Amino acid sequence: MQTYDIGLVPGPVSVPPELRAVFQINYGSSDLEDEFFSLYQRCENHLGKILATRNRVSIQSGEGMIALWSALKSVLRPGDKVLAVANGVFGYGIGDMAGQIGMEVEVVGFGYDDVPDLQQVREAAQRFRPRLVTAVHCETPSGTLASLEEIGAICREVDALFYVDFVSSGGGVEVRVDDWHIDLGLLGSQKVLSLPPDLAMVTVSERAWSAVEEVGYVGYDALAPWRKKVVDRQLPYTHNWHAIAGLHMATRLILHEGLPVTFKRHADVAAYCRGRLQAIGVELFPVREEICSPTVTAAKVPEGWSWSELDEALRARGVVVGSSYGPLAGTVFRIGHMGSQAKRDLVERGMDILEEVLKSK
Ligand SMILES: *Cc1c(COP(=O)(O)O)cnc(C)c1O
């Protein structure tokens, strides 16, 4: 299989050797051994610190999308009103998902290159009176970072639950679950945490647990068992011990580095990446630099190039970056500098090669 020296895909990101090492150990059966449960509980603890929350965190076996479905299905009943705040592929997509499972969805939509306008969100929330408001912190396909605090306050004003996808920002950017009134906060393992795509995490507030109990959803992705069953040492299935051991290590590394240092590392690398792109004549995709995410940079495929031509030329020189999705496919490409890839020298080498490639034509 072809491998690349400079991996800059915005997820799954490269898994560094110290995290790969935990996958080489033979563990026992996760539903039988005490050691597994204490490891799980330490993971919850670490995640609480990283996400600034005292809420319980469910850690399910499965790719990040499990978190998105799990949280929707566990707190809603068909016909419930959902206000989807959307400014990108995931924001609009979550609205579609809620519609597919029978909810009455209103979308308060914005451009993919922009962030939500709070006045419009407040107006829609006050008029529509949703049970749940959904939003996305970092829109990975378009490289924007929305501010959540005010949307959280709006949710409280209208007594709605607040559902936030911070899959590609959590751990690399400040996220304050409790202060921002996030009832359901979603995270995946393959972004900032730099693990394989095998865990889906949800922070669940007391308000959200009450909704979970009321709704009574059962299924592989149900949230309910993660409240008491892990405490009672009964899992809904045999958990992925390797993945939990990886999570324990990944979160410990972040806390050991120190959150302010981790956040600054991401912000600095992102600023460097944007500066280099602009210096070589590549236009950023988001309308304003202030709304660019510290974890991923989205830029326009330069004039005179097709995405596939650019992708091929970069791969030929050992660099792999990300394409984009939906309406952005073919016209936007992305540099993923999150977690193990939030490294100045890695991004610098990638940008040097991009510059060479663009000059070669
Ligand atoms: C990566 C990601 C997910 C998980 O989805 P996959 O595309 O299946 O990895 C969910 N939300 C956001 C914002 C993401 O970046």
Side-chain angles (χ1 to χ4, degrees), residues 7-15 51 58-73 84-98 100 109-110 112-116 133-148 151 162-173 175 177 182 184-203 220-221 243 246-247 250 266 270 285-286 291-298 320-329 332-342:
L8 291 169
V9 174
V13 307
S14 332
V15 182
L51 301 168
S58 74
I59 309 168
Q60 302 181 54
S61 181
E63 201 269 342
M65 290 303 296
I66 291 257
L68 276 65
W69 283 114
S70 170
L72 285 178
K73 289 179 177 172
V85 178
N87 63 310
V89 170
F90 284 97
Y92 286 98
I94 290 166
D96 289 343
M97 288 162 65
Q100 284 161 12
F110 305 91
Y112 283 51
D113 55 356
D114 211 343
V115 289
V133 173
T134 69
V136 178
H137 194 206
C138 171
E139 271 289 356
T140 330
S142 40
T144 57
L145 190 81
S147 61
L148 299 172
I151 303 178
F162 189 24
Y163 168 113
V164 177
D165 172 344
F166 46 66
V167 172
S168 66
S169 55
V173 180
V175 173
V177 166
I182 298 172
L184 297 146
L186 324 175
L187 188 64
S189 51
Q190 78 269 35
K191 303 287 167 69
V192 176
L193 297 171
S194 311
L195 293 163
D198 52 16
L199 292 174
M201 293 147 272
V202 185
T203 67
Y220 181 88
D221 58 354
L247 178 63
H266 283 81
F285 176 68
I291 64 168
C292 287
S293 173
T295 53
V296 54
T297 296
V320 60
V321 299
S323 56
S324 196
Y325 303 94
L328 311 182
V332 168
F333 72 106
R334 300 167 305 142
I335 317 292
H337 35 68
M338 54 185 82
S340 63
Q341 296 170 193

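Atoms considered below: every heavy atom in the structure, side chains included; atoms not considered: hydrogens, waters and symmetry mates. None of the values given here were measured: they were computed from a predicted structure. Each ligand, and each atom within it, is numbered from 1 in the order the structure gives.
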Response to the item:
One finds that the ligand 1 atoms under 4.0 Å from a non-hydrogen atom of Ser168 are 15 (O)
Discussion item. Taking only non-hydrogen atoms of Gln190, do any sit less than 4.0 angstrom from ligand 1?
Written reply: yes
Item to complete: For the pair Gln60 (side chain) and Ala200 (backbone), establish whether a donor and an acceptor sit closer than 3.5 Å, ignoring hydrogens and angles.
Response: no
Practice prompt. Go through ligand 1 atom by atom and flag the ones less than 4.0 Å from a non-hydrogen atom of Met65.
Written response: 5 (O), 8 (O)
Practice prompt. Specify the protein heavy atom at minimum distance from atom 4 (C) of ligand 1: its residue, its atom name, and the distance to 0.1 Å.
Written response: Glu63 OE2, 3.8 Å
Worksheet item: Of all the non-hydrogen atoms in the protein, which one sits nearest to atom 15 (O) of ligand 1, and at what distance?
Response: Thr140 OG1, 2.3 Å
Item to complete: Show your working on side chain to side chain contact (heavy atoms under 4.5 Å, CB included) between Val332 and Ser142 and close with a plain yes or no.
Response: CA-CA 8 Å; Val332 168; Ser142 40; over 6 Å; no
Discussion item. Between Tyr112 and Tyr92, is the ring-ring contact (aromatic ring centres under 6.0 Å, His included) condition met? List the steps.
Written reply: CA-CA 10 Å; Tyr112 283 51; Tyr92 286 98; 5.6 Å; yes
Worksheet item: Within less than 4.0 angstrom of ligand 1, does Cys138 place any heavy atom?
Response: yes
Fill in: Check: Arg334 side chain, Ser323 main-chain N or O, donor-acceptor pair, under 3.5 Å
yes
Item to complete: Look at the side chain of Asn87 and the backbone N and O of Asp114, then say whether any donor-acceptor pair between them is shorter than 3.5 Å.
Response: yes
Fill in: Ser324 side chain vs Pro141 backbone, donor-acceptor pair below 3.5 Å
yes
Worksheet item: To the nearest 0.1 Å, how far is atom 1 (C) of ligand 1 from its closest protein heavy atom, and which atom is that?
Response: Lys191 NZ, 1.4 Å
Worksheet item: What is the closest protein heavy atom to atom 10 (C) of ligand 1, and at what distance does it sit?
Response: Phe90 CE2, 3.3 Å
Worksheet item: Considering only protein heavy atoms, which is closest to atom 11 (N) of ligand 1, and at what distance to one decimal place?
Response: Asp165 OD2, 2.6 Å
Worksheet entry | Whether Ser194 side chain and Ser340 backbone form a donor-acceptor pair below 3.5 Å | yes
